[in-house]
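The structure appears right after this line, and notes come after that.
None of the values given here were measured: they were computed from a predicted structure.
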Amino acid sequence: MRFLKLILLAALVSPVTVLAQGAKIAVINVDTAVSGSAAGKAAIAERQAFFDERNAALQATQVELTRLQTELQTRERALAPAALADLNRDIQDLTTKLTRDGEDAELALQAKQDELFMPVFEKVGLMLETYARELGFAVIFDVSNPQTGIIYFDEVVDVTTEIIRRLDAAETTEAGPPGLPGTGPGGGPGVN
């Protein structure tokens, strides 16, 4: 318990110590940097196309289910018992299919989102690290995460727009090695 209190105390004192030493501090909204960059916008468009395709299939199943339910409501008394049982079974099968397909689509969308956005988050991280070293920042807080505890910051310390600009410039100016174009050998940061 005492060890935990020491860690908490160190976490509270460290920012004060950093500020007292006059170190450079900045903030970034990583979510905005990712979604505002050209690579992020391309990922968003691809995710939307993937979603639209899955959603169209789900909508087609829903339309068929609605048609069968309407048929049941309008013709229930006129149908023979065997036909009524078949129609109820078809409705149940489509309901189950729609539920499973919806769950599968949700999982597929999450996997696709991870596949599309993970490289962009990595690029933002690499670019941010390079930028921080280049300009001598001691700390950069991610204000898109409510866990940072930052209540106020002056827009002057927000580097989000600069990181987006640098990401887009790196994407368009150099067709460097795989990874982050225009950084260093092997796609890693160019700063050691």
Side-chain angles (χ1 to χ4, degrees), residues 4 8 27-128 140-153 155 158-172 175 178-181 187:
L4 181 60
L8 289 173
V27 297
I28 184 170
N29 186 318
V30 172
D31 292 344
T32 301
V34 167
S35 64
S37 68
K41 289 176 183 175
I44 290 168
E46 192 171 337
R47 178 189 61 191
Q48 187 63 45
F50 186 84
F51 171 80
D52 291 345
E53 182 181 316
R54 299 303 179 279
N55 194 42
L58 290 172
Q59 291 299 322
T61 303
Q62 180 62 55
V63 165
E64 178 62 14
L65 178 60
T66 301
R67 186 190 68 75
L68 291 176
Q69 289 170 332
T70 302
E71 182 180 340
L72 176 64
Q73 289 173 350
T74 57
R75 298 185 55 213
E76 184 174 11
R77 292 185 183 165
L79 291 174
L84 185 59
D86 287 344
L87 187 55
N88 277 316
R89 186 181 60 250
D90 290 347
I91 289 172
Q92 184 59 45
D93 289 347
L94 267 181
T95 301
T96 302
K97 178 181 175 12
L98 187 61
T99 300
R100 287 183 184 154
D101 289 352
E103 291 169 354
D104 290 347
E106 192 174 317
L107 291 172
L109 181 63
Q110 184 60 50
K112 186 67 167 179
Q113 183 167 306
D114 292 347
E115 172 192 323
L116 292 170
F117 286 97
M118 202 53 107
V120 183
F121 274 101
E122 289 172 2
K123 287 178 183 180
V124 167
L126 289 172
M127 185 62 70
L128 189 57
I140 298 180
F141 293 99
D142 178 10
V143 295
S144 65
N145 179 356
Q147 301 292 329
T148 59
I150 294 178
I151 298 169
Y152 168 81
F153 63 89
E155 288 185 27
D158 188 350
V159 298
T160 306
T161 303
E162 178 60 14
I163 295 300
I164 293 171
R165 187 193 68 71
R166 286 177 175 228
L167 279 169
D168 290 349
E171 290 285 327
T172 58
L180 182 60

Could you check whether Asp114 and Gln110, counting side-chain N and O atoms only, form a donor-acceptor pair closer than 3.5 Å?
yes

Do Glu103 and Thr99 have side-chain atoms, one donor and one acceptor, less than 3.5 Å apart?
no

Separation between [atom1] of [X] and [atom2] of [Y], rounded to the nearest 0.5 Å:
X      : Y      : atom1 : atom2 : answer
Arg100 : Thr61  : CZ    : OG1   : 13.5 Å
Glu122 : Phe117 : CD    : CZ    : 13.5 Å
Leu128 : Ile140 : CG    : CD1   : 4.0 Å
Ile163 : Lys123 : CD1   : NZ    : 14.5 Å
Asp31  : Phe121 : CG    : CZ    : 5.0 Å
Leu72  : Arg67  : CG    : CZ    : 11.5 Å

Specify the closest pair of heavy atoms between [X] and [Y], including all atoms of both residues, with the distance to one decimal.
X      : Y      : value
Ile164 : Thr32  : CD1-O, 3.6 Å
Leu65  : Ile91  : CD1-O, 3.6 Å
Pro146 : Ser144 : CD-O, 3.5 Å
Ala33  : Ile28  : CB-CD1, 4.2 Å
Ala170 : Met127 : CB-CE, 4.0 Å

Determine whether Gln92 and Asn88 satisfy the following criterion, side-chain hydrogen bond (donor to acceptor under 3.5 Å, both in side chains), listing intermediate values before the conclusion.
CA-CA 6 Å; Gln92 184 59 45; Asn88 277 316; over 6 Å; no

Contacts of Arg54 that satisfy side chain to side chain contact (heavy atoms under 4.5 Å, CB included) - sequence neighbours left out:
Phe50, Ala105

Does Asp168 use its side chain to pair, donor to acceptor, with the backbone of Ala38 at less than 3.5 Å?
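Answer holds: yes.
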
Using only atom types and a distance under 3.5 Å, with no angle test, would you say the side chain of Thr160 pairs donor to acceptor with the backbone of Asn29?
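Yes, because the side chain of Thr160 sits within donor-acceptor range (under 3.5 Å) of the backbone of Asn29.
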
Are any non-hydrogen side-chain atoms of Val124 and Ser37 less than 4.5 angstrom apart?
no

Could you check whether any side-chain heavy atom of Leu87 comes within less than 4.5 Å of a side-chain heavy atom of Leu68, counting everything from C-beta outward?
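Leu87 reaches Leu68 side chain to side chain.
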
Take a 6.0 Å sphere around CD of Gln69 and say whether it holds more than 12 heavy atoms from other residues, nucleotides or ligands.
yes

Derivation and outcome, side chain to side chain contact (heavy atoms under 4.5 Å, CB included), residues Ile44 and Arg47
CA-CA 5 Å; Ile44 290 168; Arg47 178 189 61 191; 4.1 Å; yes

Tell me, please, which residues at least two apart from Asp86 pass salt bridge (charged side-chain N to carboxylate O under 4.0 Å, His left out).
Arg89

